[in-house]
Amino acid sequence: MRELNIGDSTVPAIGLGTWHMGDSASTRAEEIKAIQDGIAAGARVIDTAEMYGNGRSESLVGEAIKGMQRDDLFIIDKVLPSNASASKMEHSLDTSLKLVGTDYFDLYLYHWRGAVPLSETIETLQQLQQKGKIKHWGVSNFDIADMEELMDLPHSNQVAANEDLYNLGSRGIEYSLLPWMRQRHIPLIAYTPVAAGDARGRLTHDPVVNQIADNHSATAWQIILAWAIRDGNTLAIPQSSDPKHTVDNVLAANITLTDNELAQLDVQFPKPTSKQPLDMR
Ligand SMILES: NC(=O)c1ccc[n+]([C@@H]2O[C@H](COP(=O)([O-])OP(=O)(O)OC[C@H]3O[C@@H](n4cnc5c(N)ncnc54)[C@H](OP(=O)(O)O)[C@@H]3O)[C@@H](O)[C@H]2O)c1
C-alpha cells in the first residue's frame, strides 16, 4: 500500500473524508460502517472539521472509532477562521477533542484564511502543539502566496501539510504550488480527490480512465485516486458514505500506474501551462 510521511508518522496514502457525514439519522449506521470498514481495509487517516455539520461529523467519527486503538489512527481536525485566534482557538480545539472522544489530534489545520493575523494563528497553533493537544499543525486552502507569507513567520518550518483541492480534473496547483511544496518537503493533502462524486462523469466516464481501470482490474474511481497519490508525497481523502465504495477507495493505494498510463492521462487531462486561481470547495 502506498504510504507517505506526515510529521513523524507514516500513513497509507488514502484516508477517509467525512464532510456531510453525520447530518442525517437515517444514514448514520451506514456511515459509521463505512468508516469502520475503511479502517479495517487499511485506512488510518480520518479527516474532519468543526465546520462539518457544526460538530456532527466529529461526533460521528467519535462513535465510529470508539474502542479502537488510538495510535493506530491519524486524526485530522480543522479550526474555522473565525476561531483561529489566541482567545478562541483552544476552546474550539477542546470542543472538537471532546466530540471525537480523544485527547489529541495528529494534525490540526487552519481551515482557510480569515481575518485573524496569520502570525497570531500560527503562534497559537504552536502553543497548542507544545501543550500536547495536537501533534502537528498545518494549513488548508493556502496558495503559493499564502505559503510564502507563512514562511516569513516564526515556527513556519513546523508546518506539517497543506490541504488543497486536487484531482485529475483540477490540476492547477501543479503549475507552481506543488513544486514549491515538494522542494520544502511539505506534503499535500488532496481534498475532493474524486471531484465531489464526478456528477457529470467527466473523469469516471472517460474512455482512457476506463481502459486503465481494465488494465488493473480496478474501477475508474480507484484509478483517479491512484493518480492523485502517484508521487508518494500526497494523501488523498475521498469521502464516501457507502462501505463498499470506501473499501474500494482505500484499496486504490495498492495500484501503481505505469509511466505510459500516466502519459495517457496527461493527454486527456493536461497539466496547467499557466498559474490558475486556487480551486476551492
Ligand atoms: N480543507 C477543505 O477546505 C476541504 C474542502 C472540501 C473537502 N474536504 C475534505 O475532503 C473530503 C473529500 O472531499 P469531498 O467530500 O468534497 O469530495 P470527494 O471525496 O471528491 O467526493 C465525494 C463524493 O464522491 C462519491 N464517491 C466517493 N468514492 C466513490 C466511489 N468509489 N464510487 C462512487 N462514488 C464515490 C461519494 O458518494 P458515495 O457516498 O455514494 O460513495 C461522495 O458523493 C471531505 O469529505 C472533507 O473531509 C476538505
Side-chain angles (χ1 to χ4, degrees), residues 14-24 26-35 37-38 41 43 45-53 55-58 60-61 64 74-81 84 96 100 105 107-114 137-143 146 160-170 173 187-205 209-210 213 218-229 234-253 255 278-281:
I14 296 183
L16 310 174
T18 64
W19 195 16
H20 303 304
M21 292 170 80
D23 286 349
S24 152
S26 64
T27 51
R28 190 173 186 85
E30 194 76 347
E31 289 170 347
I32 287 177
K33 183 167 165 31
I35 294 172
D37 287 5
V45 179
I46 304 174
D47 178 273
T48 187
E50 63 172 340
M51 186 201 98
Y52 300 166
R56 287 192 294 273
S57 159
E58 293 172 320
L60 181 91
V61 169
F74 186 101
I75 305 178
I76 303 173
D77 206 300
K78 310 184 200 78
V79 61
L80 279 168
S96 294
V100 176
F105 289 126
L107 181 61
Y108 197 47
L109 303 177
Y110 179 28
H111 205 152
W112 68 89
R113 288 195 71 174
W137 60 262
V139 294
S140 178
N141 296 300
F142 269 43
D143 203 346
D146 305 301
N162 179 23
E163 180 169 314
D164 279 350
L165 192 155
Y166 183 61
N167 62 56
L168 184 58
S170 181
I173 60 172
L188 171 72
I189 303 176
Y191 79 68
T192 315
V194 292
D198 193 33
R200 285 190 292 271
R202 182 176 161 229
L203 308 181
T204 49
H205 293 176
V209 171
N210 281 282
T219 67
W221 302 89
Q222 289 179 310
I223 297 307
I224 292 161
L225 287 169
W227 177 89
I229 60 166
T234 300
L235 167 74
I237 46 165
Q239 180 274 330
S240 176
S241 302
D242 178 316
K244 173 151 189 342
H245 293 173
T246 305
V247 170
D248 283 353
N249 291 348
V250 171
L251 297 180
I255 301 171
L278 187 68
D279 213 350
M280 285 173 72
R281 181 162 143 76

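Every heavy atom of this structure was used, including side-chain atoms; hydrogens, water molecules and symmetry mates were not. Both counts, for ligands and for their atoms, begin at 1 and track the order of listing.
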ask   = So is Arg113 actually on top of Phe142's ring, under 6.0 Å and inside 45° of the axis?
value = yes

request  = Please confirm whether Phe105 and Trp137 have ring centers closer than 6.0 angstrom.
outcome  =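 When the ring centroids of Phe105 and Trp137 are compared, they turn out to be at least 6.0 Å apart.
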
Please give the N or O to N or O pairs under 3.5 Å between ligand 1 and the protein, distances rounded to 0.1 Å.
| unit_1 | atom_1 | unit_2 | atom_2 | d |
| --- | --- | --- | --- | --- |
| ligand 1 | 1 (N) | Ser140 | OG | 2.8 |
| ligand 1 | 1 (N) | Glu163 | OE2 | 3.0 |
| ligand 1 | 3 (O) | His111 | NE2 | 3.3 |
| ligand 1 | 3 (O) | Asn141 | ND2 | 2.9 |
| ligand 1 | 8 (N) | Tyr52 | OH | 3.3 |
| ligand 1 | 13 (O) | Thr192 | N | 3.1 |
| ligand 1 | 16 (O) | Thr192 | OG1 | 3.0 |
| ligand 1 | 16 (O) | Arg281 | NE | 2.6 |
| ligand 1 | 16 (O) | Arg281 | NH2 | 3.3 |
| ligand 1 | 19 (O) | Gln239 | N | 2.8 |
| ligand 1 | 20 (O) | Pro193 | N | 3.4 |
| ligand 1 | 20 (O) | Val194 | N | 2.9 |
| ligand 1 | 20 (O) | Ala195 | N | 3.3 |
| ligand 1 | 20 (O) | Ala196 | N | 2.9 |
| ligand 1 | 21 (O) | Gly197 | N | 3.3 |
| ligand 1 | 24 (O) | Gly197 | N | 3.3 |
| ligand 1 | 28 (N) | Asn249 | ND2 | 3.0 |
| ligand 1 | 31 (N) | Asn249 | OD1 | 2.9 |
| ligand 1 | 39 (O) | Ser241 | N | 2.8 |
| ligand 1 | 41 (O) | Ser240 | OG | 2.5 |
| ligand 1 | 41 (O) | His245 | ND1 | 2.6 |
| ligand 1 | 45 (O) | Thr18 | N | 3.2 |
| ligand 1 | 45 (O) | Trp19 | N | 2.9 |
| ligand 1 | 47 (O) | Thr18 | N | 3.2 |
| ligand 1 | 47 (O) | Asp47 | OD1 | 2.7 |

query = Are any of the side-chain heavy atoms of Trp221 and Asp248 separated by less than 4.5 Å?
reply =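 No - every pair of side-chain heavy atoms lies 4.5 Å or more apart.
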
message = Could you work out, with side-chain contact (heavy atoms from CB on, under 4.5 Å) as the rule, every residue matching Ala213, not counting sequence neighbours?
response =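 Result, side-chain contact (heavy atoms from CB on, under 4.5 Å) vs Ala213: Ile223.
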
ask   = So Ser241 and Gln239, side-chain hydrogen bond (donor to acceptor under 3.5 Å, both in side chains) or not? Walk me through it.
value = CA-CA 7 Å; Ser241 302; Gln239 180 274 330; 3.1 Å; yes

ask   = Can any side-chain N or O of Tyr191 pair as donor or acceptor with the backbone N or O of Arg281 at less than 3.5 Å?
value = yes

